Amino acid sequence: CNFLEWRGFKIVYKRYASLFFIACIEAGDNELLALEAIHHFVECLDRYFGNVCELDLIFNFHKAYYILDEIIISGEMQESSKRAVLHFISEQDAMMQEGDQKKGGR
């Protein structure tokens, strides 16, 4: 069972290899939708990092948050297309790289 009730909320979790992904949802929310959102997030992480592992998340936690921000906004699914999410993230990476080059050129 991947669901727990805790203090009037539901904890939804899923294990992928050595990583656990956890979401806290309201008691009336659908647990299966939360599991789908977790799975979608992990698939996006896998495509971005190429088989995501603990070290990817430790050393690039800000990129994991960027991906999560592209997928979920205010607790609601924002983007369901993995291709679109990765496109937005690659654009952010390009902007960051461009900014770093401008800083180095000063």
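What you see is a predicted model, and the numbers here were worked out from it, not measured in a lab.
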Parallel, tilted or perpendicular, as decided by the 30° and 60° cut-offs, for the rings of Phe41 and Phe21: perpendicular

Aromatic plane relationship, Trp6 with Phe9 - under 30° parallel, 30 to 60° tilted, over 60° perpendicular: tilted

Stepwise side chain to side chain contact (heavy atoms under 4.5 Å, CB included) check, Lys63 with Asp93: CA-CA 9 Å; Lys63 292 184 182 182; Asp93 285 346; 4.1 Å; yes

Basic-acidic side-chain contact under 4.0 Å: Glu26, Lys10: no

If you look at every heavy atom in [X] and [Y], which pair is closest and at what distance?
| X | Y | value |
| --- | --- | --- |
| Arg47 | Arg83 | NH1-N, 4.5 Å |
| Asn51 | Asp56 | O-OD2, 3.9 Å |
| Ile38 | Val12 | CD1-O, 3.8 Å |
| Ile67 | Cys44 | CG2-CB, 3.8 Å |
| Ile25 | Glu31 | CD1-CA, 4.0 Å |
| Ala27 | Gly8 | CB-O, 3.5 Å |

Does a sphere of radius 6.0 Å around [atom1] in [X] hold more than 12 heavy atoms from other residues, nucleotides or ligands, not counting ones at 6.0 Å or beyond?
| X | atom1 | value |
| --- | --- | --- |
| Phe3 | CZ | yes |
| Glu43 | CD | yes |
| Met96 | CE | no |

Is it true that [X] and [Y] fall in one hydrophobic cluster, defined by side-chain heavy atoms closer than 4.5 Å?
| X | Y | answer |
| --- | --- | --- |
| Val42 | Ile89 | yes |
| Leu4 | Phe20 | yes |
| Val85 | Phe49 | yes |
| Ile73 | Tyr65 | no |

Test item: side-chain donor near acceptor, His87 and Glu91, under 3.5 Å: yes

Donor on one side chain, acceptor on other, Tyr66 and Asn60, under 3.5 Å: no

cation_pi(Lys14, Tyr16) dist<6.0 Å, angle<=45: yes

Stepwise side chain to side chain contact (heavy atoms under 4.5 Å, CB included) check, Leu57 with Leu45: CA-CA 9 Å; Leu57 298 179; Leu45 288 173; 4.2 Å; yes

Side chain to side chain contact (heavy atoms under 4.5 Å, CB included) evaluation trace for Met77 with His40: CA-CA 10 Å; Met77 182 73 78; His40 181 61; 4.2 Å; yes

Minimum side-chain heavy-atom gap Gln78-Ile71 below 4.5 Å: no

Worked check of side chain to side chain contact (heavy atoms under 4.5 Å, CB included) between His39 and Leu35: CA-CA 6 Å; His39 185 70; Leu35 279 175; over 6 Å; no

Separation of Met95 CE from Ser90 OG (nearest 0.5 Å): 9.5 Å

